[in-house]
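Reading through the structure tokens given below for one structure.
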Amino acid sequence: ILGPGCANCSRLETDVRDVLAEMNAPGEMIHVTDVREIGKYGVLGLPALVINKKVVAAGTTPDRKSIRTWLEDAAKIRGEDRGGLKDQEG
């Protein structure tokens, strides 16, 4: 989560935590409030949601369904990456 800690930032953080818990998904959620760190992502609107170093939403608080979809897609991509590496090694 990128954002200064406003009400929408807090709502997004709560929604992401809830969706992660519902999915029983491993992972780490970090709420970045430092303006310099946020600036590195080049987002113009806050709050923003970043998954695996990719900005998936900015300037809005997406619904939980969208958050879940993005997290599921990210998990699939990570799984494919691991599988590909494993195949190359074996």
Side-chain angles (χ1 to χ4, degrees):
I1 311 292
L2 304 176
C6 63
N8 284 336
C9 299
S10 297
R11 178 176 157 219
L12 180 55
E13 181 176 347
T14 298
D15 287 349
V16 171
R17 283 187 196 280
D18 290 348
V19 170
L20 284 170
E22 290 168 7
M23 295 173 62
N24 196 28
E28 177 181 22
M29 191 197 66
I30 300 169
H31 189 149
V32 178
T33 58
D34 180 63
V35 177
R36 285 175 287 234
E37 284 298 311
I38 292 170
K40 292 178 183 178
Y41 287 90
V43 295
L44 298 178
L46 297 174
L49 178 60
V50 179
I51 300 175
N52 294 338
K53 300 180 183 178
K54 179 183 175 189
V55 177
V56 296
T60 185
T61 50
D63 59 58
R64 289 181 183 205
K65 183 179 178 185
S66 296
I67 294 168
R68 184 180 190 95
T69 299
W70 293 324
L71 290 171
E72 288 171 344
D73 290 348
K76 288 177 192 172
I77 291 169
R78 289 185 60 91
E80 291 170 6
D81 288 347
R82 287 185 190 145
L85 290 174
K86 188 174 186 179
D87 291 342
Q88 291 173 0
E89 294 171 354

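Note that the coordinates shown come from a computational prediction; the quantities given were computed from them, not determined experimentally.
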For the NZ atom of K65 and the CH2 atom of W70, what is their distance to the nearest 0.5 Å? 12.0 Å
Taking V55 as the starting point, is it possible to reach V19 by hopping between hydrophobic residues whose side chains are less than 4.5 Å apart? no
Applying side-chain contact (heavy atoms from CB on, under 4.5 Å), run through L71 and I51 and close with a yes or a no. CA-CA 7 Å; L71 290 171; I51 300 175; 3.8 Å; yes
Could you pull out all residues at least two apart from V16 that satisfy side chain to side chain contact (heavy atoms under 4.5 Å, CB included)? I1, L12, L20, M29, L49, I67
State, with a plain yes or no, whether a side-chain heavy atom of C6 is found less than 4.5 Å away from one of L46. no
Applying side-chain hydrogen bond (donor to acceptor under 3.5 Å, both in side chains), which residue pairs with at least one partner in residues 27-36 are found, sequence neighbours left out? E13-H31
Heavy-atom pair with the smallest gap, counting every atom of G3 and I38: N-CD1, 3.6 Å
Minimum heavy-atom separation for D15 and P62, please, with both atom names. OD2-O, 4.3 Å
If Ile, Leu, Val, Met, Phe, Trp and Tyr residues are connected whenever their side-chain heavy atoms lie under 4.5 Å apart, and connections chain through other members, are L2 and I30 in the same group? yes
Residues E72, R68; criterion salt bridge (Lys or Arg N to Asp or Glu O under 4.0 Å); working and verdict: CA-CA 6 Å; E72 288 171 344; R68 184 180 190 95; 3.1 Å; yes
